[in-house]
Asker: 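Attaching a single structure in structure tokens format; questions to follow.
Remember, it's a predicted structure, so these values are computed and weren't measured experimentally. Position 1 is the first residue of the sequence; numbering continues from there.
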Amino acid sequence: SQFSSLSSTVLARRFILSWLALVLLAVAVGLYLLENTLEQQRQRTLLESENLALLVERDVANSLEKIDLLLLDAIDHYAEHLRQGNLDIVALDRFLSRQRQRQKPLVAIRITNPAGETIVGLDGVSNASVRVDDREYFQRLRDDPSLERVVSKPVRGRLSGKWAIIMARRLPDIDGRFTGIALASIDLDFFQQQFASLRIGQSGSVAMRDADLALLARFPWREAVGEHGSPRLSDDFRQALAINPQAGSYASGVTSLDGVRRLHIYRFNPEYRFYINVGVSEDAYLEPWHRQRRGILALLALFVALSGGAVFMLHRYAGRLGERERVLRTIFDTSDAAIFLVDPRGFIIFANERMASMWGLPLEQLIGREYVALVHPDEREIGREKMLKLMASEIPVVRVEREYVREDGVAFWGLLCGRRLLDEAGHFVGLVGLIADIDESRRNARELEVYRQRLEQLVQERTQQLEQAKVAA
């Protein structure tokens, strides 16, 4: 026969291996999507953080530029009073007070004499005395005529008590002699409040440092990170600065000052020499990715469960089909009749070993022959006609005794039973036939008929003899 069946073990192994290959493919696709979306999320966060750091840097620089312009304006007013020989301290105080009120970051604008004593900018406080000769910014401007502007480290104001940075400029020299400085005290809390209004997500941070990386302002402010002026940095930041001191990005890990893992963007402003560092916490910027990951993992788990259930059901169904196939194969191989299939053209496409032995042909030669070629030439056309009618549904079934010819030319009689074969959709695909060898039974029937006729003849002859004897008597 042409049956080719798999054992249940082999079939199960193939089902499981196919399912595992499908699951591995799905997992690989899922991991690729996760990795791709993770990188996209990182790039999106970097771009957003870069834009935010740029905006913060420009905003701080604009504030410092406005204060610097006010400082230059204050110097011009002071110099004009000196040229006119009418130094009106009260008028200058009022002018500086108005200027200070126009800029929120300003704590004070003052002018000192060569000794470092504040002479303008005390806001009308009587008997107030503020000396700055011990401050580094004063000493640098006093000792270096080439310096035009100095921005100090964080200092605590002696009158206001607030932490501030000082922007100072040297007053015009008179006869080549140092005449003092003009200074603006800039409140660091202002920048901290500005940073607090930014949308940087949960556990995000914005920090401002000077050119020497001393901490000026930070949100959120934490004592563990450091005080004003603290130079403490994470190792990750130091490594990034070593690669590019102007601008860059890095991820803070275990060396983060407050223990929070973040993705950082930093920028350096060369005009006013300060750094802006924006950090987005890993938990915040990866939250959308974590949601997507949970969704993909849930879909993968559902796929594995459903596909595993489908494979299990298919395996059970295939097992039942395999059992039926084994039963049919047993019937097919042990049948004493020829069983065969004929395609719509009338050619044999399937047959059992019994049919091959009945015609004295190898099975391989039998497959592919036209069915009517096996029929005795005297009945070949009748057989073709019956076959075509059965294919055309003109007759429902064929059951007839037909004479066939073996490969060696010997004729024999067979009982043919044939029916149409349909697929699951009801379409005609061929004929299925069964031929039982009835040559011996026909021979026996003929012998019995001859014997019966002989007996009847003998009975008639004996009856006649008895009747003649009776008459004679």
Asker: Find out whether Leu38 and Leu34 are in side-chain contact, i.e. whether some heavy atom of one side chain is under 4.5 Å from a heavy atom of the other.
Answerer: no
Asker: Kindly give the heavy-atom pair with the smallest separation between Leu215 and Ala207, and that separation in Å.
Answerer: CD1-CB, 4.4 Å
Asker: So, do Leu241 and Leu233 sit near enough that their side-chain heavy atoms are less than 4.5 Å apart?
Answerer: yes
Asker: List the atom pairs, donor and acceptor, that lie under 3.5 Å between side-chain atoms in residues 162-169 and the rest of the protein, sequence neighbours left out.
Answerer:
{"from": "Arg169", "atom 1": "NE", "to": "Asp68", "atom 2": "OD1", "distance (Å)": "2.8"}
{"from": "Arg169", "atom 1": "NH2", "to": "Asp68", "atom 2": "OD1", "distance (Å)": "3.4"}
{"from": "Arg169", "atom 1": "NH2", "to": "Asp68", "atom 2": "OD2", "distance (Å)": "3.0"}

Asker: Between Asp236 and Gly253, is there a donor-acceptor pair closer than 3.5 Å when you use the side chain of the first and the backbone of the second?
Answerer: yes
Asker: For Glu456, enumerate each residue passing the salt bridge (Lys or Arg N to Asp or Glu O under 4.0 Å) test, keeping only those at least two apart in sequence or located in another chain.
Answerer: Arg452
Asker: Evaluate Glu48 against Val280 for side chain to side chain contact (heavy atoms under 4.5 Å, CB included), listing each step before the verdict.
Answerer: CA-CA 10 Å; Glu48 292 173 353; Val280 181; over 6 Å; no
Asker: Suppose we screen for side chain to side chain donor-acceptor pair (under 3.5 Å). Which residues come up paired with Ser152, at least two apart in sequence or across chains?
Answerer: none
Asker: Less than 4.5 Å apart, side chain to side chain, heavy atoms only: is that true for Arg44 and Tyr285?
Answerer: no
Asker: Is it the case that over 12 heavy atoms from other parts of the model lie below 6.0 angstrom from the CD atom of Gln465?
Answerer: yes
Asker: Mark yes when over 12 heavy atoms from residues, nucleotides or ligands other than Glu461 sit less than 6.0 Å from its CD; otherwise mark no.
Answerer: yes
Asker: With a 4.5 Å cut-off on side-chain heavy atoms, are Asn269 and Val60 touching?
Answerer: no
Asker: Measure across Asp437 and Asp439 and return the closest heavy-atom pair with its distance rounded to 0.1 Å.
Answerer: OD1-N, 3.0 Å
Asker: Please tabulate, for the side chains in residues 414-429, all donor-acceptor contacts under 3.5 angstrom to protein atoms that are two or more places apart in sequence or on a different chain.
Answerer:
{"from": "Arg420", "atom 1": "NE", "to": "Ser393", "atom 2": "OG", "distance (Å)": "3.0"}
{"from": "Arg420", "atom 1": "NH1", "to": "Met391", "atom 2": "O", "distance (Å)": "2.4"}
{"from": "Arg420", "atom 1": "NH1", "to": "Ser393", "atom 2": "OG", "distance (Å)": "3.1"}
{"from": "Arg420", "atom 1": "NH2", "to": "Ser393", "atom 2": "OG", "distance (Å)": "3.4"}
{"from": "Asp423", "atom 1": "OD1", "to": "Ala425", "atom 2": "N", "distance (Å)": "3.0"}
{"from": "Asp423", "atom 1": "OD1", "to": "Gly426", "atom 2": "N", "distance (Å)": "3.0"}
{"from": "Asp423", "atom 1": "OD1", "to": "His427", "atom 2": "N", "distance (Å)": "2.7"}

Asker: The criterion is side chain to side chain donor-acceptor pair (under 3.5 Å); which residues satisfy it with Trp413, sequence neighbours excluded?
Answerer: none
Asker: Parallel, tilted or perpendicular, judged at 30° and 60°: which one describes the rings of Phe237 and Tyr250?
Answerer: parallel
Asker: With a 4.5 Å limit on heavy-atom distance, are the side chains of Glu379 and Lys386 in contact?
Answerer: no
Asker: Can you name the nearest heavy-atom pair linking Leu390 to Pro396, along with the distance?
Answerer: CD1-O, 3.6 Å
Asker: Can you sort out the partners of Glu467 under side chain to side chain donor-acceptor pair (under 3.5 Å), two or more places apart, ordered by chain and number?
Answerer: none
Asker: Measure the spacing between CD of Glu271 and CD of Glu65 and express it to the nearest 0.5 Å.
Answerer: 7.5 Å
Asker: Is any side-chain heavy atom of Pro231 less than 4.5 Å from a side-chain heavy atom of Asp212?
Answerer: no
Asker: Locate the shortest heavy-atom distance separating Gln192 from Phe219; write the atom from each residue and the value.
Answerer: O-CB, 4.3 Å
Asker: Take a 6.0 Å sphere around CZ of Arg273 and say whether it holds more than 12 heavy atoms from other residues, nucleotides or ligands.
Answerer: no
Asker: For residues Phe350 and Met355, determine if any side-chain heavy atom of one lies less than 4.5 Å from a side-chain heavy atom of the other.
Answerer: no
Asker: Any chance CZ of Arg294 has more than 12 other-residue heavy atoms, nucleotides or ligands included, within less than 6.0 Å?
Answerer: yes
Asker: Verify the neighbour count for atom CD of Glu370: are there more than 12 heavy atoms of other residues, nucleotides or ligands below 6.0 Å?
Answerer: yes
Asker: Hey, what do you get for OG (Ser49) to CG (Asn51), rounding to the nearest 0.5 Å?
Answerer: 9.0 Å
Asker: I need the minimum non-hydrogen distance between Gly161 and Arg156, along with the two atoms involved.
Answerer: O-NH1, 3.2 Å
Asker: Can you measure from CD (Glu403) to CZ (Arg380) and round to the nearest 0.5 angstrom?
Answerer: 11.5 Å
Asker: Under 3.5 Å, is there a donor on one side chain and an acceptor on the other for Gln101 and Arg98?
Answerer: no
Asker: What residues form a side chain to side chain contact (heavy atoms under 4.5 Å, CB included) with Pro220, not counting sequence neighbours?
Answerer: Ser205, Arg218, Arg222
Asker: By side chain to side chain donor-acceptor pair (under 3.5 Å), which residues pair with Gln99, not counting sequence neighbours?
Answerer: Asp73, Arg102
Asker: Are any non-hydrogen side-chain atoms of Val375 and Ile382 less than 4.5 angstrom apart?
Answerer: no
Asker: How many angstroms lie between atom CD of Glu353 and atom OG of Ser335, to the nearest 0.5 angstrom?
Answerer: 12.5 Å
Asker: Applying side chain to side chain contact (heavy atoms under 4.5 Å, CB included), run through Asp210 and Lys153 and close with a yes or a no.
Answerer: CA-CA 8 Å; Asp210 66 13; Lys153 299 288 184 184; 3.1 Å; yes
Asker: Taking CD in Gln453 as the centre, count heavy atoms belonging to other residues, nucleotides or ligands within less than 6.0 Å. Is the count above 12?
Answerer: yes
Asker: Output yes when a side-chain donor or acceptor of Ser281 lies under 3.5 Å from a complementary backbone atom of Gln202, and no otherwise.
Answerer: yes
Asker: Should we count CZ of Arg58 as having more than 12 external heavy atoms under 6.0 Å?
Answerer: no
Asker: Taking salt bridge (Lys or Arg N to Asp or Glu O under 4.0 Å) as the test, write out the residues that go with Glu136, two or more places apart.
Answerer: none
Asker: Report all side-chain donor-acceptor pairs from residues 260-267 shorter than 3.5 Å, counting only partners two or more places apart or in another chain.
Answerer:
{"from": "Arg262", "atom 1": "NE", "to": "Ser203", "atom 2": "O", "distance (Å)": "2.7"}
{"from": "Arg262", "atom 1": "NH1", "to": "Asp258", "atom 2": "OD1", "distance (Å)": "3.0"}
{"from": "Arg262", "atom 1": "NH1", "to": "Asp258", "atom 2": "OD2", "distance (Å)": "3.2"}
{"from": "Arg262", "atom 1": "NH2", "to": "Ser203", "atom 2": "O", "distance (Å)": "3.1"}
{"from": "Arg262", "atom 1": "NH2", "to": "Asp258", "atom 2": "OD2", "distance (Å)": "2.8"}
{"from": "His264", "atom 1": "ND1", "to": "Asn277", "atom 2": "OD1", "distance (Å)": "2.8"}
{"from": "His264", "atom 1": "NE2", "to": "Ser252", "atom 2": "OG", "distance (Å)": "3.3"}
{"from": "Tyr266", "atom 1": "OH", "to": "Ala240", "atom 2": "O", "distance (Å)": "3.0"}
{"from": "Tyr266", "atom 1": "OH", "to": "Asn244", "atom 2": "O", "distance (Å)": "2.5"}
{"from": "Arg267", "atom 1": "NE", "to": "Glu57", "atom 2": "OE1", "distance (Å)": "2.7"}
{"from": "Arg267", "atom 1": "NH2", "to": "Glu57", "atom 2": "OE1", "distance (Å)": "3.3"}

Asker: Between Leu300 and Gly30, what is the shortest heavy-atom contact and its length?
Answerer: CD1-CA, 4.5 Å
Asker: Considering only distance and modelled atom types, tabulate donor-acceptor pairs under 3.5 Å from the side chains of residues 337-344, sequence neighbours left out.
Answerer:
{"from": "Asp343", "atom 1": "OD1", "to": "Arg345", "atom 2": "N", "distance (Å)": "2.9"}
{"from": "Asp343", "atom 1": "OD1", "to": "Gly346", "atom 2": "N", "distance (Å)": "3.0"}
{"from": "Asp343", "atom 1": "OD1", "to": "Phe347", "atom 2": "N", "distance (Å)": "2.9"}
{"from": "Asp343", "atom 1": "OD2", "to": "Arg345", "atom 2": "NE", "distance (Å)": "3.3"}
{"from": "Asp343", "atom 1": "OD2", "to": "Arg345", "atom 2": "NH2", "distance (Å)": "3.1"}

Asker: Rounded to the nearest 0.5 Å, how far apart are CH2 of Trp359 and CD1 of Ile348?
Answerer: 7.5 Å
Asker: Nearest 0.5 Å please: distance from the OG atom of Ser249 over to the CD1 atom of Ile243.
Answerer: 9.5 Å
Asker: List the residues meeting side chain to side chain contact (heavy atoms under 4.5 Å, CB included) with Glu39, not counting sequence neighbours, and say none if there are none.
Answerer: Arg42, Gln43
